Number of protein chains: 2
Amino acid sequence: MRYSATHKQETREKLLNKSRELAKKEGFGGTGVDAFMKAIDMTGGAFYTHFESKAELFAELVEQELEFSTEMLAGDEDAPADHVARKLRSYLSSAHALHPETGCVLPTLGPEIARASPEIKARVEKALKRLRDAWSERLDDDDAGWALLAQCVGALILARVVESERTRREILSASRRFLERVEKAPRE
Amino acid sequence: MRYSATHKQETREKLLNKSRELAKKEGFGGTGVDAFMKAIDMTGGAFYTHFESKAELFAELVEQELEFSTEMLAGDEDAPADHVARKLRSYLSSAHALHPETGCVLPTLGPEIARASPEIKARVEKALKRLRDAWSERLDDDDAGWALLAQCVGALILARVVESERTRREILSASRRFLERVEKAPRE
DNA sequence: GTCTATATACGGATAGAC
DNA sequence: GTCTATCCGTATATAGAC
């Protein structure tokens, strides 16, 4: 054959990586197959050597996004004591708000995932539950896992729908202070 | 003319109302002009008597959504003392999560608004700031306005991307309990 | 004001040459 | 495996009849 043994796999990986960026920036539905392929300097026809359909790319892409994100956010036993607090700070940053293409998938593709197939949503649920469990266990707080996640996702959405950088920073810093305060809150 | 004096205005209102529902359910970009018109039993061609373009409909639709939502959530001086707590409970309900078409626009069209024009985002910002101010003033808590809004939007997104009704309820109830707890939290 | 018909572009997907 | 060319459906938008 005219291509190396690993060529197809490499192309697929490049395609997935670029697609994840593009989809988070412009929306998955808003990006055509030709645009995904052009981003890796290829033409539309070659797409179907790697995926049966555009929908299959979406499934793969969401799977990878959640795998990477949850692994990064959850942390392991070697993580420092303030691991969650650190992740919250970097998640709730202007840099994150200004760069959806390299950020968390939920504030960008959340609504599209919500409309996706039960199979996709079941896999998303599994990944999110692992992250929630990790955070709740680490903080010894049953509610905090889901609540901190929600605070992160919601604050990013708000930060991105406003126009001024000033308001964007207000939203993010209010959210950060709010969460710090809860660490000292009483539990019944 | 063959139509009453108020006919055009009535049609436009019907179109806007139905479009707001449809866009929140299927996404604005994912819904065609023909689909919007068919929802009020008309054909696509008539759309352009009422709007110059599909983008103009988006601007109008987002404007109305935020006007209605923020007015409803903010409350006025006649509202009961537990006004915000009531709104939080109804926002963070399974009913809301299961019915995007009649719910808040941010968890459904948030990412599309984030990609919209500066003019649209500036108007969204103005409406959101009014709501934030109302809540922060009512709770006498500078951070709570933005933070509660973010928690609401994020929890709805999470509740909608998971598959099982059980997990959906867990997310929403964790979020509600978390917010109740903060009411008793210390402020520095 | 709304209809049907249509211009024009772009969407996802396939066929066949290389 | 990737290319070009193409099929076909659907998208936004316009033109002209009623």
Side-chain angles (χ1 to χ4, degrees), chain A residues 1-62 109 111-113 115-117 120, chain B residues 1-62 109 111-113 115-117 120:
Chain A
M1 60 178 75
R2 295 157 56 207
Y3 299 90
S4 72
T6 58
H7 179 82
K8 183 172 180 180
Q9 191 189 334
E10 284 164 15
T11 302
R12 187 190 159 100
E13 270 171 37
K14 267 200 297 185
L15 174 54
L16 264 167
N17 289 335
K18 274 290 182 189
S19 298
R20 283 166 43 217
E21 283 185 31
L22 257 180
K24 286 191 285 182
K25 197 175 177 193
E26 312 283 355
F28 182 80
T31 311
V33 169
D34 281 8
F36 285 129
M37 295 304 284
K38 193 174 183 181
I40 57 165
D41 297 312
M42 287 178 60
T43 54
F47 177 87
Y48 296 91
T49 311
H50 302 280
F51 295 95
E52 278 198 356
S53 66
K54 198 192 174 194
E56 194 183 291
L57 170 63
F58 185 69
E60 270 287 313
L61 177 159
V62 170
L109 300 186
E112 291 186 75
I113 296 171
R115 293 190 294 268
S117 70
I120 291 181
Chain B
M1 61 178 75
R2 294 156 58 206
Y3 298 91
S4 72
T6 59
H7 179 82
K8 183 172 179 180
Q9 190 188 337
E10 284 165 14
T11 303
R12 186 189 158 99
E13 269 172 37
K14 266 199 298 185
L15 173 55
L16 263 167
N17 289 334
K18 274 289 182 190
S19 298
R20 284 167 43 216
E21 284 184 30
L22 256 181
K24 287 190 285 183
K25 197 174 178 195
E26 312 283 355
F28 182 80
T31 311
V33 169
D34 281 9
F36 285 130
M37 294 305 285
K38 193 173 182 180
I40 57 166
D41 296 311
M42 286 177 60
T43 55
F47 177 87
Y48 297 89
T49 311
H50 302 280
F51 295 95
E52 277 198 356
S53 66
K54 198 193 175 194
E56 194 182 291
L57 170 63
F58 185 68
E60 271 287 313
L61 177 158
V62 169
L109 300 185
E112 290 187 76
I113 296 171
R115 293 189 294 268
S117 71
I120 292 181

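Per chain, numbering begins at 1; letters A, B, ... match sequence-line order. Quantities reported herein were computed from a predicted structural model and do not represent experimental measurements.
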Q. Tell me: CE of Met37(A) to P of dT4(D), nearest whole Å?
A. 12 Å
Q.
My understanding is that only residues two or more places apart in sequence, or in another chain, count here; which of them pass side-chain contact (heavy atoms from CB on, under 4.5 Å) with Glu56(B)?
A. Phe51(B), Glu52(B), Ser53(B)
Q: Would you kindly give the CE-to-P distance between Met42(A) and dT4(D), to the nearest whole Å?
A: 11 Å
Q: Could you pull out all residues at least two apart from Glu13(A) that satisfy side-chain contact (heavy atoms from CB on, under 4.5 Å)?
A: Gln9(A)
**Q.** Candidate nucleotides dT2(D), dT4(C), dT2(C), ranked by approach to the side chain of His50(A) - the nearest
**A.** dT2(D)
Q | Under 4.0 angstrom between Thr43(A) side-chain N/O and dT2(D) OP1 or OP2 | A | no
Q: Just jot down the side-chain contact (heavy atoms from CB on, under 4.5 Å) partners of Ala59(B), sequence neighbours excluded, or say none.
A: Ile120(B), Arg123(B)
Q: Check salt bridge (Lys or Arg N to Asp or Glu O under 4.0 Å) between Arg20(B) and all other residues, then give those that pass, not counting sequence neighbours.
A: Glu65(B)
Q: Whole angstrom is fine here: how far is it from CZ in Phe58(B) over to C1' in dA13(D)?
A: 19 Å
Q: If a pair satisfies salt bridge (charged side-chain N to carboxylate O under 4.0 Å, His left out) and one of its residues is in residues 30-43 of chain A, list it, with sequence neighbours excluded.
A: none
Q.
Please report the distance, rounded to the nearest Å, between CG in Asp41(A) and P in dG1(D).
A. 19 Å
Q. Taking only N and O in the side chain of Thr11(A), is any of them less than 4.0 Å away from OP1 or OP2 of dT2(D)?
A. yes
Q: Taking salt bridge (Lys or Arg N to Asp or Glu O under 4.0 Å) as the test, write out the residues that go with Glu26(B), two or more places apart.
A: none
Q) Looking at Phe47(B), Phe28(B), Tyr48(B), which hits ring-ring contact (aromatic ring centres under 6.0 Å, His included) with Phe36(B)? A) Phe28(B)
Mind listing the N/O atom pairs, protein and nucleotides 12-15 of chain C, below 3.5 Å?
{"residue": "dG12(C)", "atom": "OP1", "partner": "Lys54(A)", "partner atom": "NZ", "Å": "2.7"}
{"residue": "dG12(C)", "atom": "OP2", "partner": "Val33(A)", "partner atom": "N", "Å": "2.6"}
{"residue": "dA13(C)", "atom": "OP2", "partner": "Tyr48(A)", "partner atom": "OH", "Å": "3.0"}
{"residue": "dA13(C)", "atom": "OP2", "partner": "Lys54(A)", "partner atom": "N", "Å": "2.9"}
{"residue": "dA13(C)", "atom": "O5'", "partner": "Tyr48(A)", "partner atom": "OH", "Å": "3.4"}

**Q.** For Glu112(B), all residues meeting side chain to side chain donor-acceptor pair (under 3.5 Å), sequence neighbours excluded
**A.** none
Find every protein N or O atom lying less than 3.5 Å from an N or O atom of nucleotides 16-18 of chain D, and list the pairs.
{"residue": "dC18(D)", "atom": "O2", "partner": "Arg2(B)", "partner atom": "NH1", "Å": "3.2"}

**Q.** Length of the CZ-P vector between Phe51(A) and dT2(D), whole Å
**A.** 12 Å
Q: Using whole Å, report how far CD of Glu10(A) lies from C1' of dT2(D).
A: 15 Å
Q | Which residues share a side-chain contact (heavy atoms from CB on, under 4.5 Å) with Lys8(B), sequence neighbours left out | A | Thr49(B), His50(B)
(Q) Give me the stems containing DNA chain C, sorted by first residue, counting only three or more consecutive Watson-Crick or G-U pairs with both distances under 3.5 Å; say none if there aren't any. (A) C:1-10 with D:9-18, C:12-18 with D:1-7
Q: Kindly point out which of dG1(D), dG1(C), dT2(C) is positioned nearest to the side chain of His7(A)?
A: dG1(D)
Q: Give, ordered by number, those residues of residues 12-27 of chain A having at least one heavy-atom distance below 4.0 Å to an atom of DNA chain D; if nothing qualifies, reply none.
A: none
